[in-house]
There are 2 protein chains.
Amino acid sequence: MTVRPTDTKEEILRLGTELIQVYGYNAFSYADISKELDIKNAAVHYHFPGKEDLLAGIIDQYIQRYKELGAKINAPGITAKQKLDVFISRYTDLCEQNKICIIGSVCSDYNTMPESVKTKLGELIEMVLGIVEKVLQQGKKNGELDFPETARVKSLLIMTNLAAGVQLARITGKKDYMAICKSIIDQVSS
Amino acid sequence: MTVRPTDTKEEILRLGTELIQVYGYNAFSYADISKELDIKNAAVHYHFPGKEDLLAGIIDQYIQRYKELGAKINAPGITAKQKLDVFISRYTDLCEQNKICIIGSVCSDYNTMPESVKTKLGELIEMVLGIVEKVLQQGKKNGELDFPETARVKSLLIMTNLAAGVQLARITGKKDYMAICKSIIDQVSS
DNA sequence: AAAGCTACTTACTAAGTAGTAAGTATTTCT
DNA sequence: AGAAATACTTACTACTTAGTAAGTAGCTTT
């Protein structure tokens, strides 16, 4: 039987993620979480002894989610363009909620993290880049997509466009983000 | 006669900028500044009553710098490609120091800022985008540069590539950043 | 030379921060 | 039924945080 996390632990992860996406990692405290969930701060420390453990837990959750997305995206019967759309839509959803992607959010706090979390974040980023790279590679191979860069570099370009795009959207408006998305698609269309 | 800020005030701005570029806005305190400059925290409060005033001061300084860069870039006798290089080199310098751009850094803390600073940050961003847009527009007009997007959208793509690129470089390595830069140039080369 | 201004220091406060040790209620295992 | 594990709460500590009020040294103006 698998270990089943309590609702509280899941709620802490959910809220922690949201706080990072809305305010940033170094801008929220355990009190923000305990107040919102109507528990004591010691309860948060019970599940995640330190704030770095919470961040590690949140990143782990994302690694798990992207593992699943990666598997889904390998499934046949769906075009590379559709796969790319699925990926972009994750960022569009964030944008509509005035949130930013956790990777983009915690990047500025990178030097305040312990080494173990830095490593974990690196793994998540390489994983995400790998998924996009694979989609681009397949699309290029079967003639569905076309671009002059290598798939790796193109994935870097797309990821930086999206991650910074949702951040920009909160300040200069969603129109800019939508224009970025359209360009990404146009640039890889054959 | 112009108002001449004291060395201390300039040092606070310089160090504040550096702390944002290295650790992030919500990760440093006035104590970090006063210790490093060997002054009392009250001295920091004297020049910048609140942390938001310091951030506003730092953004103001950048607005001033980009005003100067904008004027320099309007000068004749320099190609659009060279102008773009000047711009990109600012980010490359940051990258080499393992720092990130202040815009990219404070973006994740956007919702923790007072409205006045949010507005100021928006002005800075529009200013930077405007400078890049102008360079791209001129280059396109005289046939020096070529790209399918509008100059505005291309400036969004380039800025998001650079801002997120330097952030990524701290985690996945400088190679990725260099590849991004090369692609930016290649994409606008006619 | 007195008055005032600038750029601080001294000394402090109130609130928030992460974090912990010890206790308790409830479920699960034996 | 008793023991142990789980998921907390109570109650607290040590520290850091931004921020301020009052004082002072030195320079400038009148």
Side-chain angles (χ1 to χ4, degrees), chain A residues 1-20 22-59 61 106 108-109 111-118, chain B residues 1-20 22-59 61 106 108-109 111-118:
Chain A
M1 198 173 167
T2 57
V3 180
R4 189 191 282 257
T6 65
D7 284 352
T8 301
K9 188 167 187 176
E10 272 173 17
E11 282 288 282
I12 294 169
L13 283 170
R14 204 213 78 241
L15 183 55
T17 302
E18 194 178 319
L19 288 168
I20 290 175
V22 176
Y23 300 107
Y25 175 64
N26 281 312
F28 78 89
S29 73
Y30 271 26
D32 294 323
I33 290 177
S34 58
K35 270 178 212 153
E36 174 76 26
L37 298 183
D38 203 34
I39 54 177
K40 300 299 156 184
N41 74 342
V44 187
H45 282 285
Y46 171 75
H47 291 288
F48 302 98
K51 212 181 165 185
E52 62 201 43
D53 301 300
L54 174 55
L55 180 56
I58 290 169
I59 295 173
Q61 204 177 48
V106 301
S108 48
D109 303 302
N111 287 322
T112 71
M113 298 175 195
E115 218 54 42
S116 60
V117 182
K118 283 185 178 179
Chain B
M1 198 171 167
T2 55
V3 179
R4 190 191 281 257
T6 67
D7 283 354
T8 301
K9 189 168 187 176
E10 272 172 16
E11 281 288 281
I12 294 169
L13 284 170
R14 203 214 80 239
L15 183 55
T17 303
E18 196 178 317
L19 288 167
I20 289 174
V22 177
Y23 302 107
Y25 175 64
N26 281 312
F28 78 90
S29 74
Y30 270 26
D32 295 322
I33 290 177
S34 57
K35 270 179 215 155
E36 174 76 26
L37 299 183
D38 202 33
I39 53 177
K40 301 297 156 185
N41 74 341
V44 187
H45 282 285
Y46 170 76
H47 291 289
F48 303 98
K51 211 179 164 185
E52 62 200 45
D53 301 299
L54 175 55
L55 181 56
I58 290 170
I59 295 173
Q61 205 178 47
V106 301
S108 48
D109 304 303
N111 287 324
T112 70
M113 297 175 196
E115 219 53 45
S116 60
V117 182
K118 282 186 180 179

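Order of the sequence lines fixes the chain letters, A, B, ..., with proteins taken first and strands second; residue numbering starts at 1 for each chain.
Side chain of Tyr30(B) to backbone of Ala42(B): no donor-acceptor contact under 3.5 angstrom is found.
Rounded to whole Å, the distance from CD1 on Ile39(B) to P on dT10(C) is 12 Å. Atom NZ in Lys51(B) sits about 16 Å away from atom P in dT16(D), given to the nearest Å. One atom, CG of Leu37(A), and another, P of dC8(D), lie 10 Å apart when rounded to the nearest Å. Rounded to an integer number of Å, the gap from CG of Asp38(A) to P of dC8(D) is 12 Å. In this structure, Asp53(B) places its CG atom 12 Å from C1' of dA18(D), rounding to the nearest Å. One atom, NZ of Lys40(A), and another, P of dC12(D), lie 14 Å apart when rounded to the nearest Å. To the nearest angstrom, P of dG19(D) lies 7 Å from CD of Glu52(B). Between Lys35(A) atom NZ and dA18(C) atom P there is a gap of 10 Å when expressed in whole angstrom units.
The side chain of His45(B) lies closest to dA18(D) when the candidates are dA18(D), dT9(D), dT9(C). Closest to the Asn41(A) side chain, of the nucleotides dT20(C), dC8(D), dT9(C), is dT20(C). Checked against dC8(D), dT9(D), dA11(C), the side chain of Thr8(A) finds its nearest nucleotide in dC8(D).
Between Ile20(A) and Leu55(A) there is a side-chain heavy-atom pair separated by less than 4.5 Å. The shortest side-chain heavy-atom distance between Val117(B) and Val106(B) does not fall under the 4.5 Å cut-off. At a threshold of 4.5 Å between non-hydrogen side-chain atoms, the residues Lys118(A) and Asn111(A) count as touching.
Thr112(A) meets the side chain to side chain donor-acceptor pair (under 3.5 Å) test with Asn26(A); sequence neighbours excluded. Applying the ring-ring contact (aromatic ring centres under 6.0 Å, His included) rule to Tyr23(A) yields no partners; only residues at least two apart in sequence or on another chain are considered. Applying the salt bridge (charged side-chain N to carboxylate O under 4.0 Å, His left out) criterion to Glu52(B), with sequence neighbours excluded, gives no partner residue. Taking the salt bridge (charged side-chain N to carboxylate O under 4.0 Å, His left out) definition, one finds that Glu36(A) meets it with nothing, sequence neighbours left out.
Tyr46(B) does not carry Lys9(B) over the face of its six-membered ring by the limits of under 6.0 Å from the centre and within 45° of the normal.
Taking every heavy atom of residues 25-32 of chain A and every atom of DNA chain C, pairs under 4.0 Å involve Phe28(A), Ser29(A), Tyr30(A), Ala31(A), by number.
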Tabulated below should be each protein N or O lying under 3.5 Å from an N or O of nucleotides 22-25 of chain D; please produce it.
none

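A close approach under 4.0 Å does not occur between any side-chain nitrogen or oxygen of Tyr46(B) and OP1 or OP2 of dC8(C).
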